[in-house]
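Take a look at the structure set out below.
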Amino acid sequence: QCEEAAYEERQYPAGKWACVTKGEPMYEQSISMSFMKLMRYICKENSVGCYLGMTVPVLNEVHLTKEGTRLEREVITAYYLPEEFQQNPPVPTDPEIHITERAPLRVITRVFYGVTTEETILREISLFWELLGSTDAVLQETYIVAAYENPSIPQRRNEIWFICRA
C-alpha cells in the first residue's frame, strides 16, 4: 500500500490574481464574504460582463499574531485569473476587488480535510511545524490556506502552504 507523502515542495509561476482583503471578527466570515465577492466577479460583475471560469485552488493568506497563538483578523482571499485573462484582466465592478501581479512562489505544502476555521488552521500550522522541525527556510508569520473545493463540502480538500524564503 502506498503511503501518502507527508508534504511536498511546489513552484508556482508569477501571475495575476483577483484579491479581496477582509478583517471580520471570525476567519470563516472573512473568507465567506471575500469568496462571494470573487464569485460575483467570476460570474459576471466584470468589464467583459461574462463568466471568466473557475480556477483552483482559491488561496487565503493568513498572518499569525506576534505571540503566534492566533490569526490576525485580516485575510487576503485570492483567485488566479484563467490563462486567457492573464495579459488583460477584466476590471472588477466591485471596488474591493484588486487585480494583483504575484511573484513566483515556492511552497512546502501539506493536505488536510474538513472545514477551515481559525482553530483548524492553527492546528495544521502546528502539526506541520512538528513534521518539518526547526528551519529558517520558510516564513514563520505568513501562511496560505489553499481550498480546492466548494466551502459547503464538509470534508473538502485543503492544503496548508509554508512559503519558502527567496
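Quick caveat, the model's predicted, so the values are computed rather than measured.
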Nearest-0.5 Å distance that lies between atom CG in L38 and atom SG in C43:
10.5 Å
Residues which pass side chain to side chain contact (heavy atoms under 4.5 Å, CB included) with V48, listed by chain and number, not counting sequence neighbours
N46, C50, L52, P90
By side chain to side chain donor-acceptor pair (under 3.5 Å), which residues pair with E9, not counting sequence neighbours?
R106
By side chain to side chain donor-acceptor pair (under 3.5 Å), T117 pairs with (sequence neighbours left out) T120
Value for CD1 (I97) from OG (S34), rounded to nearest 0.5 Å, stands at 9.0 Å
Of all heavy-atom pairs linking F112 and E159, the shortest is CE2-C, 3.6 Å
What residues form a side chain to side chain donor-acceptor pair (under 3.5 Å) with T65, not counting sequence neighbours?
E67
Donor-acceptor list for residues 77-84 side chains, cut-off 3.5 Å, not counting sequence neighbours:
{"residue": "T77", "atom": "OG1", "partner": "N60", "partner atom": "OD1", "Å": "2.7"}
{"residue": "Y79", "atom": "OH", "partner": "G53", "partner atom": "O", "Å": "2.6"}

Of all residues at least two apart in sequence or in a different chain, which pass the side chain to side chain donor-acceptor pair (under 3.5 Å) check with E61?
H63, R102
Side chains of I163 and V138: closer than 4.5 Å at any heavy-atom pair?
no
Shortest non-hydrogen pair, D94 vs K37, comes out as OD2-NZ, 2.7 Å
Those residues at least two apart in sequence (or on a different chain) that pass side chain to side chain contact (heavy atoms under 4.5 Å, CB included) with M26 are E28, Q29
Just jot down the salt bridge (charged side-chain N to carboxylate O under 4.0 Å, His left out) partners of E118, sequence neighbours excluded, or say none.
R70, R73
Other hydrophobic cluster members with L127, side-chain heavy atoms of Ile/Leu/Val/Met/Phe/Trp/Tyr under 4.5 Å, chained?
none
Rounded to the nearest 0.5 Å, what separation is found between the OG1 atom of T69 and the CG atom of L64?
8.5 Å
Quick one: list whatever passes salt bridge (charged side-chain N to carboxylate O under 4.0 Å, His left out) with R156, sequence neighbours left out.
none
What residues form a side chain to side chain contact (heavy atoms under 4.5 Å, CB included) with Q140, not counting sequence neighbours?
W129, D136, Y143
Same cluster (ILVMFWY, side-chain, under 4.5 Å), L71 and F128
yes
Closest non-hydrogen contact found for Y148 with V56 is O-CG1, 3.8 Å
With a 4.5 Å limit on heavy-atom distance, are the side chains of I108 and E8 in contact?
no
Listed pairs under 3.5 Å, donor-acceptor, residues 12-25 side chains, sequence neighbours left out:
{"residue": "Y12", "atom": "OH", "partner": "R10", "partner atom": "NH1", "Å": "2.8"}
{"residue": "K16", "atom": "NZ", "partner": "Q86", "partner atom": "O", "Å": "3.0"}
{"residue": "K16", "atom": "NZ", "partner": "E101", "partner atom": "OE1", "Å": "3.4"}
{"residue": "K22", "atom": "NZ", "partner": "E96", "partner atom": "OE1", "Å": "2.9"}

Do I99 and I42 sit in one hydrophobic cluster, given that two such residues count as connected whenever their side-chain heavy atoms are within less than 4.5 Å of each other, even indirectly?
yes
